[in-house]
Amino acid sequence: MVPAAELHGLLVADRERTAELISSLSGSIASMVEAARLTTSDDEHDPEGSTIAFERSQASALLATATEHLADVDAALARIPAGTYGVCERCGREIAPDRLRARPTARTCIACAAAVGPNRGG
């Protein structure tokens, strides 16, 4: 088993990075919205309009992904004191220490993650 302090440290550092990313992306999106509000350009005929819309869409998608990841980190941090961290939610076996080091938010062991497919097994 991986020392709890090591994993807790990985999760806390991940949480800080993710919260900073969310803050940065939120600021970028707010700036884009404000800039669009202040201009009177017609996105349909403005060659830059589609680029701005794409950038805003991309930033919004990154924000959604980061917000979801932050929820995963918070859930992992909550599992530590509950005593369920490092235990597969599907089969109840221990999650391999190397998997937890590589993916501290993992909720399933490698075998169960493979059985449910990519991005579904945590």
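FYI, the numbering just counts along the sequence from 1.
- Between T105 atom OG1 and E68 atom CD the span is 10.0 Å, to the nearest 0.5 Å.
- Around NE2 of H8, the count of heavy atoms belonging to other residues, nucleotides or ligands within 6.0 Å does not exceed 12.
- We find the CD-SG distance between E94 and C88 to be 11.5 Å, quoted to the nearest 0.5 Å.
- Side-chain contact between I80 and L11: present, with at least one pair of heavy atoms (C-beta onward) separated by less than 4.5 Å.
- For the side-chain contact (heavy atoms from CB on, under 4.5 Å) criterion with L70, the lone passing option out of D72, T67, D74 is D74.
- Taking every heavy atom of both residues into account, V87 and G83 meet most closely at CG2-O, 4.5 Å.
- In this structure, the separation between CZ on R103 and CG on L10 is 14.5 Å, given to the nearest 0.5 Å.
- Under the 3.5 Å distance criterion, the side-chain polar atoms of R99 are matched with a main-chain donor or acceptor of T108.
- Residue R79 places its CZ atom among more than 12 non-hydrogen atoms of other residues, nucleotides or ligands, all under 6.0 Å distant.
- Residue pairs that meet the side chain to side chain donor-acceptor pair (under 3.5 Å) test with at least one member in residues 16-28, sequence neighbours left out, are D14-T18.
- Taking CG of L62 as the start and CG of L21 as the end, the distance is 7.0 Å to the nearest 0.5 Å.
- In this structure, CG on L7 lies 10.5 Å from CG on L77, to the nearest 0.5 angstrom.
- Contact annotation: the side chain of E89 never approaches that of T84 to less than 4.5 Å [non-hydrogen atoms, C-beta and beyond].
- Proximity of S60 to S57: side-chain heavy atoms (C-beta onward) are nowhere separated by under 4.5 Å.
- The two residues I95 and A106 come nearest to each other via the heavy atoms CD1-O, 3.7 Å.
- Here OH of Y85 is found 4.5 Å from CG of L100. Values are rounded to the nearest 0.5 Å.
- Taking all atoms of both residues into account, the shortest heavy-atom contact from A59 to M32 is CB-CE, 4.0 Å.
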